[in-house]
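Here is the structure we will look at, set down as structure tokens.
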Amino acid sequence: MAERRWRVRLGAAAELDFANILKWTAENFGARQSRVYRDELIQAIGELADGPDLAGSKARDTIMAGLRTLHVARRGRRGSHILMYRVAPKSTIEIVRVLHDRMDLLRHVPAVRNERAE
């Protein structure tokens, strides 16, 4: 039986988060490290094509119904960011934010709610 594949997309806020993370990394650690971290983020995002309930992901229904998080630092990768995502129609996983793991996730929910209205 073929495994179900999911389409993964970045929402507008997550795209901005991604760009800002790479910019900050380049400014503080150099262009080479920014490219390395970009690849780490892309690998973590790519794992979501296997489905929303990956080992290590966490349901965050107390923040918002259907919201899940996945830490970038998995499977030998290093990283300090969390992917916040939800299941969208047509077997799509929408990443709504990419946040540093020290950030208060609840504080950034209003941006998630605004995107949901799109």
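Just the heavy atoms: all of them, side chains too, but no hydrogens, waters or symmetry mates, feed the values below.
When side chains are defined from C-beta on, Met64 does not count as touching Met84, because their heavy atoms never get closer than 4.5 Å. In this structure the side chain of Leu83 never reaches within 4.5 angstrom of the side chain of Phe18, judged on heavy atoms. With contacts defined as side-chain heavy-atom distances shorter than 4.5 Å, the pair Val96/Leu67 qualifies. Two residues are said to be in side-chain contact when any heavy atoms from C-beta on lie closer than 4.5 Å; Leu10 and Ile45 meet this criterion.
When all heavy atoms of Ile95 and Ala14 are compared, the pair lying nearest together is O-CB, 3.3 Å. Closest of all the heavy-atom pairs between Ala73 and Gly79 is CB-O, 3.5 Å. Residues Pro52 and Ser57 approach most closely at O-OG, 3.6 Å, considering heavy atoms. Shortest non-hydrogen contact noted between Tyr85 and Ile93 is CD1-CG2, 3.5 Å.
Under the side-chain contact (heavy atoms from CB on, under 4.5 Å) rule, Ser34 has a single partner from Ile21, Asn28, Leu22, which is Leu22.
We find the CZ-OG1 distance between Arg7 and Thr92 to be 4.5 Å, quoted to the nearest 0.5 Å. Distance check: Asn20 CG to Glu27 CD gives 9.5 Å after rounding to the nearest 0.5 Å. Distance check: Met103 CE to Leu105 CG gives 8.5 Å after rounding to the nearest 0.5 Å.
Linking ILVMFWY side-chain heavy atoms closer than 4.5 Å, directly or via other members, places Val72 and Leu54 in a single hydrophobic cluster. Cluster membership for Leu16 and Leu99, using ILVMFWY side-chain heavy atoms within less than 4.5 angstrom, is not shared.
For residues 27-63, the ring-ring contact (aromatic ring centres under 6.0 Å, His included) pairs, not counting sequence neighbours, are Trp24-Phe29, Tyr37-His81.
Residues that satisfy the salt bridge (charged side-chain N to carboxylate O under 4.0 Å, His left out) test with Asp53, not counting sequence neighbours, are Arg68.
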message: Working note: Val87 + Glu94, criterion side-chain contact (heavy atoms from CB on, under 4.5 Å); need CA distance, chi angles, decisive distance, verdict.
response: CA-CA 6 Å; Val87 173; Glu94 179 185 24; over 6 Å; no
